[in-house]
2 protein chains.
Amino acid sequence: MAKPGPRKALRKQSRSDSTREQIVRAAIETLKRDGFAGTSARAIAATGGFNQALVFYHFGTVNELLLTALDRTSEERMARYREVVEGAASLGELVDAALRIYREDLESGHIKVLAEVIAGSSSVPGLGEQIVARMEPWVRFTEDTFHRVLAGSPFEGLIPPEQLARATVALYLGLEIITHLDGDRTHATQLFETAGRLATLVAPIFKSVGLQERRDS
Amino acid sequence: MAKPGPRKALRKQSRSDSTREQIVRAAIETLKRDGFAGTSARAIAATGGFNQALVFYHFGTVNELLLTALDRTSEERMARYREVVEGAASLGELVDAALRIYREDLESGHIKVLAEVIAGSSSVPGLGEQIVARMEPWVRFTEDTFHRVLAGSPFEGLIPPEQLARATVALYLGLEIITHLDGDRTHATQLFETAGRLATLVAPIFKSVGLQERRDS
DNA sequence: GTCTATACTTGGATAGAC
DNA sequence: GTCTATCCAAGTATAGAC
């Protein structure tokens with residue numbers, strides 16, 4: 001059962017040019033370009049310009065590598081979400097922030113990576129659960145944001161923030177997947193615009209969102 | 001370029017036990033059970049108990065068969081959507097109908113088929129567009145429904161039904177995909193329950209939905 | 001840690017007998 | 001229209017030299 005390769009805990013360097021790093025980056029790039037089905041050990045190696053056998057030496061299996069790749073982009077995007085959303089002071093700005101994130105996610109290819117891993121999840125037992133686990137921080141983050149927005153409004157206590165958050169994440173995922181399917185982002189963009197208009201209309205019902213910045217971790 | 005196999009237009013029978021039919025059903029079953037990656041011509045043939053070469057004789061390529069399979073389930077589900085939604089007379093009943101459809105879609109495996117084909121779409125050029133095209137009828141159907149619901153309410157002219165419909169379809173797709181990922185439908189079910197409660201609250205703003213049954217096709 | 005070479009497996013697709 | 005047999009390409013994974 002025990003896989004070969006270096007243990008994560010024992011690694012000395014986490015320099016960005018370590019071989020592991022190169023492999024993870026090549027995996028992400030290949031996922032974006034060729035999709036889950038096209039992301040074989042050989043293809044990843046070709047992308048990164050290293051030997052195919054290294055994938056197995058460092059990660060044991062291709063799937064393990066792909067999960068690591070998903071971790072990587074998820075972390076990076078989460079940091080960005082916090083940054084953008086915490087800068088939003090009003091409901092309208094929040095919708096603007098969401099649009100900005102939507103576009104960035106699309107362009108950075110992050111959602112493509114997510115979608116591809118979701119795509120492949122049915123052929124790999126246990127992968128589905130791990131993907132959901134990685135989406136959970138987004139749910140909690142969105143929930144916190146809605147909690148702030150709803151506080152003091154007539155809707156407080158009427159709409160559970162967690163459910164609103166889960167719906168938002170699902171809507172977001174669905175939108176990105178559909179956009180990514182036909183490559184046409186006009187529908188989604190129009191949606192955000194309408195949401196923006198509605199937000200300014202209902203804004204008086206809500207207090208200003210403010211940036212409740214976290215001072216600690 | 002010209003593929004072998006019988007031309008669709010020339011087929012005499014569309015009996016449910018024709019070979020084509022058997023193959024399509026076996027493809028759907030295999031997609032549900034093994035996912036896109038596991039749905040090879042050999043696997044489909046094993047599921048249906050026929051010869052692998054028949055897939056290529058009748059459909060030319062595996063992808064062509066999968067598209068046909070998607071067509072099949074899409075048509076079947078669309079018929080069911082009409083049936084259930086047209087029986088809903090109030091906003092609350094509409095939400096109930098949506099919950100019922102959600103559960104049926106999940107259990108029938110239809111969304112699994114859709115999700116799997118979406119999953120594989122990045123490895124097959126042009127597949128994405130064809131999937132989107134097959135979702136378009138759902139958008140129009142949802143749009144019609146919202147049109148009826150919004151008519152006469154204060155929101156008419158404020159919320160474009162088409163955008164609401166696209167958002168709904170995206171939300172629905174996202175919900176099914178996430179549910180399907182972790183196999184836990186409690187979150188989604190709770191969401192529908194909350195939506196139901198909110199619907200009864202806001203119902204007075206809307207007129208009764210009624211069944212505006214179509215008498216023609 | 002990295003490379004070459006290779007064993008093994010699965011899958012798409014076709015030829016040709018029936 | 002269906003079957004057997006087969007070719008060929010691509011992928012995972014490992015052994016072993018360096």
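Letters A, B, ... mirror the listed sequences (proteins, then strands); counts begin at 1. No hydrogens, no waters, no symmetry mates; every other heavy atom, side chains included, goes into these values.
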Considering all heavy atoms, the nearest [X]-[Y] contact:
X: B/H147; Y: B/P161; result: ND1-CG, 3.8 Å
X: B/A167; Y: A/L191; result: CB-CD2, 3.8 Å
X: A/T194; Y: B/P160; result: CG2-CD, 3.8 Å

Where the side chain of [X] is defined as all heavy atoms beyond and including C-beta, which of [options] is the nearest nucleotide?
X: A/T19; options: D/dT2, C/dT4, C/dT2; result: C/dT2
X: B/Y57; options: D/dG1, C/dG1, D/dT14; result: D/dG1
X: A/H58; options: D/dT14, D/dC3, C/dT2; result: C/dT2

Interatomic distance, [X] [atom1] vs [N] [atom2] [rounded to whole Å]:
X: A/E21; N: C/dG1; atom1: CD; atom2: C1'; result: 17 Å
X: B/L65; N: C/dG12; atom1: CG; atom2: P; result: 11 Å
X: A/I44; N: D/dA10; atom1: CD1; atom2: C1'; result: 14 Å
X: B/N51; N: C/dA15; atom1: CG; atom2: P; result: 16 Å
X: A/F59; N: C/dG1; atom1: CZ; atom2: C1'; result: 14 Å
X: B/L54; N: D/dG1; atom1: CG; atom2: C1'; result: 8 Å
X: A/E64; N: D/dT12; atom1: CD; atom2: C1'; result: 15 Å
X: B/F56; N: D/dT4; atom1: CZ; atom2: P; result: 16 Å

Strictly under 3.5 Å: I want the nitrogen or oxygen pairs between protein and nucleotides 16-18 of chain C, one per line.
none

Side-chain atoms of residues 125-139 of chain A: list all donor-acceptor pairs with protein atoms under 3.5 Å, sequence neighbours left out, distances to 0.1 Å.
| unit_1 | atom_1 | unit_2 | atom_2 | d |
| --- | --- | --- | --- | --- |
| A/R134 | NE | A/D71 | OD1 | 2.4 |
| A/R134 | NH1 | A/Q130 | O | 2.9 |
| A/R134 | NH2 | A/D71 | OD1 | 3.4 |
| A/R134 | NH2 | A/D71 | OD2 | 3.1 |
| A/E136 | OE2 | A/R166 | NH2 | 2.8 |

* To do: Would you mind checking if A/R72 and A/E21 are paired as a salt bridge, meaning a charged N to carboxylate O distance below 4.0 Å?
  =>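 Salt bridge flag = yes for A/R72 with A/E21.
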* Sidechain N-carboxylate O distance under 4.0 Å for A/R80, A/E83 ->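 A/E83 and A/R80: salt-bridged.
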* Would you tell me whether A/T189 and A/Y102 have side-chain atoms, one donor and one acceptor, within less than 3.5 Å of each other? =>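 On atom types as modelled, these side chains do not qualify, holding no pair under 3.5 Å.
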* Can B/D184 and B/T186 be counted as having a side-chain donor-acceptor contact under 3.5 angstrom? ->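 Distance-only check passes for B/D184 and B/T186.
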For nucleotides 6-11 of chain C, list the nitrogen or oxygen atoms of the protein found under 3.5 Å from its nitrogen or oxygen atoms, one pair per line.
| unit_1 | atom_1 | unit_2 | atom_2 | d |
| --- | --- | --- | --- | --- |
| C/dG11 | N7 | B/R42 | NH2 | 3.3 |

* Asked: Counting only heavy atoms not in B/H187, do more than 12 sit closer than 6.0 Å to its NE2 atom?
  -> yes
* **All side chain to side chain donor-acceptor pair (under 3.5 Å) counterparts of A/R33, not counting sequence neighbours** =>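 A/T47.
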Under 3.5 Å, sequence neighbours excluded: what are the donor-acceptor pairs made by side chains of residues 107-117 of chain A?
| unit_1 | atom_1 | unit_2 | atom_2 | d |
| --- | --- | --- | --- | --- |
| A/E107 | OE2 | A/R185 | NH1 | 3.1 |
| A/S108 | OG | A/E104 | O | 3.0 |
| A/S108 | OG | A/D105 | O | 3.3 |
| A/S108 | OG | A/H110 | N | 3.2 |
| A/K112 | NZ | A/K32 | O | 3.3 |
| A/E116 | OE1 | A/F36 | N | 2.7 |
| A/E116 | OE1 | B/S122 | OG | 2.8 |
| A/E116 | OE2 | B/S122 | OG | 2.4 |

* Inter-end axis angle, the helix from C/dG1-D/dC18 to C/dC18-D/dG1, with every axis fitted to five base pairs (rounded, 10 degrees) ->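 The value is 0°.
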